[in-house]
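Order of the sequence lines sets the chain letters (A, B, ...), proteins ahead of strands, with each chain counted from 1.
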Amino acid sequence: MGVRTLNKEIARIFNEIADFLEIKGELSFKINAYRRAAQNIENLSKDISELFKENKLHTIPGVGKELAEKIKQFIETGKVKKHEELKAEIPVGLLEIMRVPGVGPKKAKLFYEKLKIDSIDKLEEAARSHKLSTLPGIQKKTEENILKGIEFLKKSSGRIPLGRALPLSQRIIEYLLEKKVVERAEACGSIRRRKETIGDIDILGISSDPEKAMEAFTKMEIVKEVLAKGTTKSSVIVEDNIQVDLRIVDKDSFGAALQYFTGSKEHNIKLRELAVKKGLKINEYGVFDLKTDKKIAGKDEEEVYKAIGLPWIPPEIREGGEEIELALQGNLPELVELKDIKGDLHIHSKWSDGTASIEEIATCAKEMGLKYVLIADHTKGLGVAGGLNEEEISEQIKEIDSLNKKIKGVRILKGIEANIQNDGSLDVSDEVLKSLDIVIASIHHGFKNPPDVLTRRMLRAIENPYVGIIAHPTGRILGERDAYEIDIDEVMATCKKNGVALEINAYPLRLDLNDVLSRRAMEKGIMLSIGTDAHQIDQLAYLPYGVYVARRAWLRKDHLLNCMELDELLRYFKKKRGN
DNA sequence: GCCGTTTTCGGCCCGACTGTTTTCAGTCG
């Protein structure tokens, strides 16, 4: 199996084992052990097979003797014995049923044992014909809720990309502020942690009149359905079946609530364990002394972390990995910030399939406070995108030279997004590549090549001395296309050897490399490069999404090409080419 | 199933809401 999915696959199997064990009514601690290990494996920056080879599986938090054995089984045979046994014992349909909101392991088991329900269709049929309410503890209301839950599940498109959820949450917050029904509001949950996809939108607010806030929130134009409307909490469904929750808390508890609702769950559990050791208790209202029950913090987040002896931890790295241990030692890295970014290193103009002129791009970038932009249009191998031939590239270079004389304060860099062909060569001659400041190369076709062919193509491109950056290295598009099956570790090793950078493509549906792989690249000493891949002028605004990935990958500014000053950047690539 | 300057055995994070009850289990975040 290609390394790209191994960590995820093992995490998925452990989560599934946990689901099965829940149905069996196993001890919750055992179930949580599987879930904790799954979470840690998914966040692991290293490929798990590497740890296996080095006999270091036990260094993964939450992995002991038993789970290490199961990981070994999977790596060696592609299966986990216990998982297979559980699958034979319990129909997988029960896991599907548990995805219906309101149905957990207990109800799934009850429905299966009493009514032989092992699919969502059968569940729907049984609820409609009121067979469910013949069971103990189930009445009309539960049947109705289950039907609603099934409806929701069918309509919902799964997780929403951050690029959609974040702006939506910001619009809702602006609206609440404008209506003056909240004094302050923040999106929390995975939006605040800037995860690439979001389940639902959680907003936390302070208000002197919570009921008025609830009224305004549930009456928003975009609301399609009100799920619940209480005095301090309401839930609504807006366009595209996205659920939005608003909670109002006291000013004195805002920090504690923000911390609590930002998560992640794993991070919060570790935090609370640490608090208990210090004789404290954390909940969404504050930090309390266990003995006296006296509240000692809660107003803001800094205070909450400080109360348990920690510095404030950036939301992007609150995943329950090693951030708490490092914070305790005072060794948290200084994560890169948007203000550290000096340029956008991947932009298309109307010379190929973009819509903006180079002048418009440069002017906009200057307004954004950027010092440089890399124009990287497609090349002739990508006919559908109006890719440029050598002659056109030379003409574009002339235009950029003259624009650079005209526009001051921002430097337009000459680049190209060369197409990596089937044999790994580029569709542009070295002679032309030589005349450019920075060359990007990427794969745009033949994704389904066998993994070794794809990998070889990529390696050859990286070895081209003029190539500086590999764009969208895994080719995944959220909700549309999985990453291609390249051997990413071999790609990284070759990048390292040749001084080639890997891109964090900031286009919200790409975010490629993702957070986990960007971190792995950084740990291997590879430079990363943020590019918006903008095809329209307003898409230059995607730059922050690249920074979010970088922060989730624990990058500092010295890990990113974009944080170099212009002359430093140019020197870097001159040196790489050997002149 | 994991884990250890209190412990190699006995702990393991916290609270709200809902629907069903009549004190609570199940579900969720």
Side-chain angles (χ1 to χ4, degrees), chain A residues 14-15 17-41 57-71 80 82 97-111 132-133 135-146 148-149 152 188-193 198-204 227-235 243 245 247 249 253 256-257 259-288 290 304 308 320 324:
Chain A
F14 281 3
N15 273 320
I17 291 177
D19 289 341
F20 282 129
L21 295 180
E22 266 191 315
I23 294 171
K24 290 189 70 165
E26 271 282 3
L27 228 50
S28 64
F29 306 112
K30 194 168 176 176
I31 294 158
N32 287 338
Y34 276 97
R35 295 211 193 281
R36 193 179 335 125
Q39 186 71 36
N40 287 329
I41 289 167
L57 287 176
H58 60 276
T59 61
I60 305 167
V63 174
K65 201 166 150 251
E66 292 291 320
L67 294 187
E69 167 59 25
K70 290 181 174 65
I71 295 168
V80 175
K82 176 141 186 170
I97 288 171
M98 277 167 62
R99 279 174 40 231
V100 177
V103 180
K106 295 288 171 355
K107 288 204 186 88
K109 189 182 181 193
L110 178 72
F111 298 159
L132 295 185
S133 51
L135 300 173
I138 307 285
Q139 303 223 351
K140 204 166 155 232
K141 190 82 190 178
T142 305
E143 275 182 339
E144 281 169 19
N145 284 343
I146 286 174
K148 264 193 203 168
F152 176 82
C188 28
S190 41
I191 290 191
R192 186 151 177 262
R193 302 200 314 279
I198 308 298
D200 53 25
I201 296 177
D202 280 322
I203 297 173
L204 189 69
L227 294 177
K229 186 182 166 197
T231 48
T232 61
K233 188 194 160 189
S234 292
S235 294
Q243 182 174 335
D245 295 348
R247 298 161 211 262
V249 296
S253 296
Q259 196 291 314
Y260 178 85
F261 289 115
T262 296
S264 66
K265 198 177 167 194
E266 290 295 326
H267 175 87
N268 285 358
I269 288 173
K270 283 195 172 182
L271 211 61
R272 280 175 236 147
E273 280 170 353
L274 186 64
V276 169
K277 278 183 195 155
K278 294 187 179 244
L280 302 167
K281 180 181 77 173
I282 309 178
N283 58 28
E284 60 258 57
Y285 302 107
V287 182
F288 299 85
L290 270 178
V304 170
I308 43 176
I324 291 175

| task | Could you tell me the separation between the CG atom of A/Asn15 and the C1' atom of B/dG1, rounded to a whole number of Å? | result | 15 Å
| request: Determine the Euclidean distance between corresponding C1' atoms of B/dT6 and B/dG11; express it in Å to zero decimal places. | output: 12 Å
| request: Provide the distance between the two C1' atoms, one in B/dG1 and one in B/dT8, to the nearest whole Å. | output: 15 Å
| task | Check every atom of B/dG1, B/dG15, B/dT20 against the side chain of A/Lys141 and return the nucleotide holding the closest atom. | result | B/dT20
| Per A/Glu273 side chain, nearest of listed nucleotides B/dG29, B/dC14, B/dC12 | B/dC12
| request: Go through B/dC14, B/dG19, B/dC12 for me and flag the one nearest to the A/Asn145 side chain. | output: B/dG19
| query | Of the candidate nucleotides B/dG29, B/dG1, B/dG15, which contains the atom at the shortest distance from the side chain of A/Tyr285? | reply | B/dG15
| field | Sugar-phosphate only, base, or nothing, as touched by A/Ile282 at under 4.0 Å among non-hydrogen atoms | value | sugar-phosphate
| When all nucleic acid strands are considered with a 4.0 Å heavy-atom cut-off, which category describes A/Lys82: base, sugar-phosphate, or nothing? | sugar-phosphate
| query | In whole Å, what separates the C1' atom of B/dC2 from that of B/dT7? | reply | 14 Å
| said: Please give the distance between the C1' atoms of B/dA25 and B/dT21 as a whole number of Å. | reply: 10 Å
| request: Ignoring the backbone of A/Lys281, work out which of B/dG15, B/dG19, B/dT21 is nearest its side chain. | output: B/dG15
| message | I need the minimum non-hydrogen distance between A/Tyr260 and A/Asn268, along with the two atoms involved. | response | O-ND2, 2.9 Å
| query | Which nucleotide sits closest to the side chain of A/Pro105: B/dG1, B/dG29, B/dT27? | reply | B/dT27
| Of all the choices, B/dT20, B/dG29, B/dT27, which nucleotide is nearest to the side chain of A/Thr142 once you look at every atom? | B/dT20
| task | Taking atom P in both B/dC12 and B/dC17, compute the distance separating them and give it to the nearest angstrom. | result | 25 Å
| said: Students often get this wrong, so: under 4.0 angstrom with heavy atoms, is A/Ile269 touching a base, only sugar-phosphate, or nothing? | reply: base
| said: Mind checking if A/Lys233 touches a base, just sugar-phosphate, or nothing, with heavy atoms under 4.0 Å? | reply: nothing
| task | Give A/Phe261 one of three labels, base, sugar-phosphate or nothing, depending on what nucleic acid heavy atoms sit under 4.0 Å from its own. | result | nothing
| query | Looking at A/Arg35 and A/Asp19, does any basic side-chain N land under 4.0 Å from a carboxylate oxygen? | reply | yes
| query | Any side-chain heavy atom of A/Tyr34 within less than 4.5 Å of one from A/Glu22? | reply | no
| field | Between B/dC28 (P) and A/Gln243 (CD): distance, integer Å | value | 12 Å
| field | A/Leu132 and its side chain to side chain contact (heavy atoms under 4.5 Å, CB included) partner, picked from A/Lys140, A/Lys107, A/Glu143 | value | A/Glu143
| remark: From the list A/Ile60, A/Asn15, A/Leu67, A/Leu57, side chain to side chain contact (heavy atoms under 4.5 Å, CB included) with A/Ile41 holds only for A/Ile60
| query | With nearest nucleotides of DNA chain B determined for A/Gly137 and A/Val63 from heavy-atom distances, which residue corresponds to the more 5′ nucleotide? | reply | A/Val63
| task | For B/dG15, give its Watson-Crick or G-U wobble partner with both distances under 3.5 Å, or none. | result | B/dC28
| task | Select one nucleotide: of B/dT27, B/dC28, B/dG1, the one nearest the side-chain heavy atoms of A/Lys106. | result | B/dT27
| How many Å lie between CD1 on A/Ile138 and C1' on B/dA25, as a whole number? | 11 Å
| Within less than 4.0 Å of OP1 or OP2 of B/dG1, is there a side-chain N or O belonging to A/Lys70? | yes
| message | A/Asp245 vs A/Gln243, test: side chain to side chain donor-acceptor pair (under 3.5 Å). Steps then yes/no. | response | CA-CA 7 Å; A/Asp245 295 348; A/Gln243 182 174 335; 3.1 Å; yes
| request: To the nearest Å, give me how far apart CD1 (A/Ile201) and P (B/dG29) are. | output: 15 Å
| request: Would you kindly give the CD-to-C1' distance between A/Gln39 and B/dG29, to the nearest whole Å? | output: 14 Å
| query | A/Asn268 has an atom CG; how far is it from atom C1' of B/dA16, in whole Å? | reply | 15 Å
| Hey, is NZ on A/Lys148 packed in by over 12 heavy atoms from elsewhere, all under 6.0 Å? | no
| query | For A/Lys229 and B/dC17, what is the distance between atoms NZ and C1' respectively, to the nearest whole Å? | reply | 18 Å
| message | What is the distance, to the nearest angstrom, from the CD1 atom on A/Ile71 to the P atom on B/dG1? | response | 13 Å
| query | Can you tell which of B/dC14, B/dC12, B/dT21 lies closest to the side chain of A/Gln139? | reply | B/dT21
| query | Roughly how far apart, to the nearest Å, are B/dT27 and B/dT20 at atom C1'? | reply | 13 Å
